[in-house]
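One structure is given here, and the rest of the page talks about it.
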Amino acid sequence: MSLVCRRGFVRLGRRSVRNVARSPFSHAAARRQSESSSPAPSPLVYPQASTTQHTDLTTFLQYAQRSGLDEKSSVYVGTYYEYAVAAALSRYGFALKRIGGASDLGTDLLGEWKPARTRSPAMRVLLQCKAGAQKPKPQWIRELEGAFAGAPAGWRGAGVLGFLVGEQPATKGVRESMSRSRWPLGYLCCSREGVLRQMLWNARAEAEGLEGFGVATRHGDAGGEERLVLVRNGKVLPLLEQSVH
């Protein structure tokens with residue numbers, strides 16, 4: 001097994017993949033710890049799901065077949081992708097619930113993120129998912145910023161990270177919008193098949209709990225499949241068993 005870990009942005013599909021030893025938007029000032037510790041968050045109360053017909057990818061596929069839902073419809077494509085993202089991120093320590101619906105105020109997935117082998121409290125996260133082959137747009141970052149204002153009570157205030165998830169890697173405009181934002185934001189590139197290929201975050205996110213974290217590419221033996229892994233203070237964190245949720 002080999003590990004590639006260099007400074008820079010994660011890029012797709014090439015041997016010369018560059019990865020981050022820290023967040024790509026890190027700045028010395030952003031690495032300062034807060035002057036006072038944030039109070040422990042209250043127990044999380046999740047909003048009621050938009051439907052009781054499905055709770056994960058398996059039950060959604062069963063529901064879609066049972067109801068005759070068109071696989072090309074926006075409802076099918078979007079819901080499928082949201083569940084695929086939640087399952088893929090569970091290997092990196094995310095515990096997510098789908099709340100997407102007409103009243104989601106822009107948030108598709110809510111939950112917590114506690115990377116493997118870390119003792120710090122779990123970070124609260126909210127995610128917006130953009131299924132489809134379109135390139136990410138800077139306006140999506142503005143929409144993600146707006147999701148903070150409409151977030152449920154448990155996902156407001158300090159210690160909350162927002163992630164935009166798309167099927168294509170972040171564009172220069174998206175990266176620049178993230179770096180300028182006053183909100184703790186990140187971008188994840190995840191395929192429809194549930195393979196995470198890019199993970200970026202800004203300096204504000206680093207200050208909210210991602211200090212010392214980075215991303216690397218792990219190669220299996222004999223040219224095995226390339227996978228993205230988390231790194232903390234130079235040490236690779238193991239991937240967890242994938243959850244169906």
Side-chain angles (χ1 to χ4, degrees), residues 1-26 31 41 44 56-58 81-98 109-127 129 159-165 167 169-170 184-202 205-245:
M1 179 182 297
S2 63
L3 181 72
V4 177
C5 186
R6 305 188 185 100
R7 294 187 63 84
F9 290 105
V10 176
R11 292 181 181 173
L12 306 180
R14 297 191 304 201
R15 185 177 177 83
S16 59
V17 176
R18 294 190 297 158
N19 303 277
V20 290
R22 293 185 184 272
S23 163
F25 300 115
S26 300
R31 291 195 292 265
L44 294 176
D56 54 46
L57 188 55
T58 299
Y81 187 62
E82 289 160 13
Y83 281 134
V85 167
L89 293 181
S90 68
R91 301 207 66 191
Y92 297 85
F94 287 79
L96 301 169
K97 293 186 179 182
R98 180 180 177 272
L109 300 171
L110 279 177
E112 297 180 290
W113 181 20
K114 185 174 178 62
R117 296 181 180 174
T118 58
R119 297 181 179 179
S120 304
M123 296 170 280
R124 291 164 291 159
V125 293
L126 57 87
L127 287 76
C129 300
V160 180
L161 310 180
F163 285 94
L164 176 65
V165 190
E167 295 187 51
L185 305 178
Y187 182 84
L188 309 174
C189 176
C190 184
S191 73
R192 178 177 169 81
E193 293 73 32
V195 178
L196 187 63
R197 301 198 181 279
Q198 187 182 51
M199 179 179 285
L200 310 174
W201 54 78
N202 63 6
E206 186 172 83
E208 287 289 344
L210 292 177
E211 173 72 25
F213 283 94
V215 183
T217 307
R218 188 172 66 181
H219 300 271
D221 296 330
E225 184 180 0
E226 183 178 283
R227 289 189 178 276
L228 213 63
V229 293
L230 286 170
V231 177
R232 188 179 192 188
N233 297 325
K235 296 183 179 180
V236 176
L237 303 182
L239 294 174
L240 305 174
E241 290 295 322
Q242 180 168 299
S243 169
V244 296
H245 296 287

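Since we're looking at a predicted model, the values are computed, not measured.
- Scanning all heavy atoms of the two residues, the minimum distance from Ala216 to Val231 falls at CB-CG2, 3.6 Å.
- Closest heavy-atom contact between Cys189 and Leu196: O-CD1, 3.4 Å.
- Expressed to the nearest 0.5 Å, how far CE of Met199 lies from CZ of Phe213 amounts to 10.5 Å.
- Looking at heavy atoms from C-beta onward, Leu109 lies out of side-chain contact with Val165 at the 4.5 angstrom threshold.
- Under the 4.5 Å side-chain criterion, counting only non-hydrogen atoms from C-beta, Thr217 is in contact with Leu228.
- Side-chain N or O atoms of Tyr83 include none that pairs as donor or acceptor with a backbone N or O of Arg98 at under 3.5 Å.
- Across all their heavy atoms, Leu230 and Pro115 have their closest contact at CD1-CB, 4.1 Å.
- Under the 4.5 Å side-chain criterion, counting only non-hydrogen atoms from C-beta, Glu112 is not in contact with Pro121.
- Evaluation of the salt bridge (charged side-chain N to carboxylate O under 4.0 Å, His left out) rule for Arg192 yields no partner, not counting sequence neighbours.
- With sequence neighbours excluded, the residues forming a side chain to side chain contact (heavy atoms under 4.5 Å, CB included) with Lys97 are Tyr46, listed by chain and number.
- Contact check for Cys190 versus Tyr81: side-chain heavy atoms found under the 4.5 Å cut-off.
- The shortest distance between side-chain heavy atoms of Leu185 and Leu164 does not fall below 4.5 Å.
- In this structure, the side chains of Arg117 and Pro238 come closer than 4.5 Å at one or more pairs of heavy atoms.
- No side-chain donor-acceptor contact under 3.5 Å links Thr118 to the backbone of Ser120.
- Between Gly194 and Ala88, the shortest heavy-atom contact is O-CB, 3.2 Å.
- Rounding to the nearest 0.5 Å gives a distance of 9.0 Å between CZ of Arg232 and CD of Glu211.
- Expressed to the nearest 0.5 Å, how far CG of Leu239 lies from OH of Tyr92 amounts to 5.0 Å.
- Separation of the Trp113 and Phe163 ring centroids falls under the 6.0 Å cut-off.
- Here the side chain of Glu167 pairs no donor or acceptor atom with the backbone of Ser191 at under 3.5 angstrom.
- Counting heavy atoms from C-beta on, the side chains of Leu44 and Leu110 never come closer than 4.5 Å.
- With Glu82 contributing its side chain and Cys129 its backbone, the two residues share no donor-acceptor pair below 3.5 Å.
- Closest heavy-atom contact between Ala170 and Gln198: N-OE1, 2.8 Å.
- To the nearest 0.5 Å, atoms CG (Asp56) and CG (Leu96) are separated by 13.0 Å.
- Side-chain atoms of Arg91 do not come within 3.5 Å of backbone N or O of Glu241 as any donor-acceptor pair.
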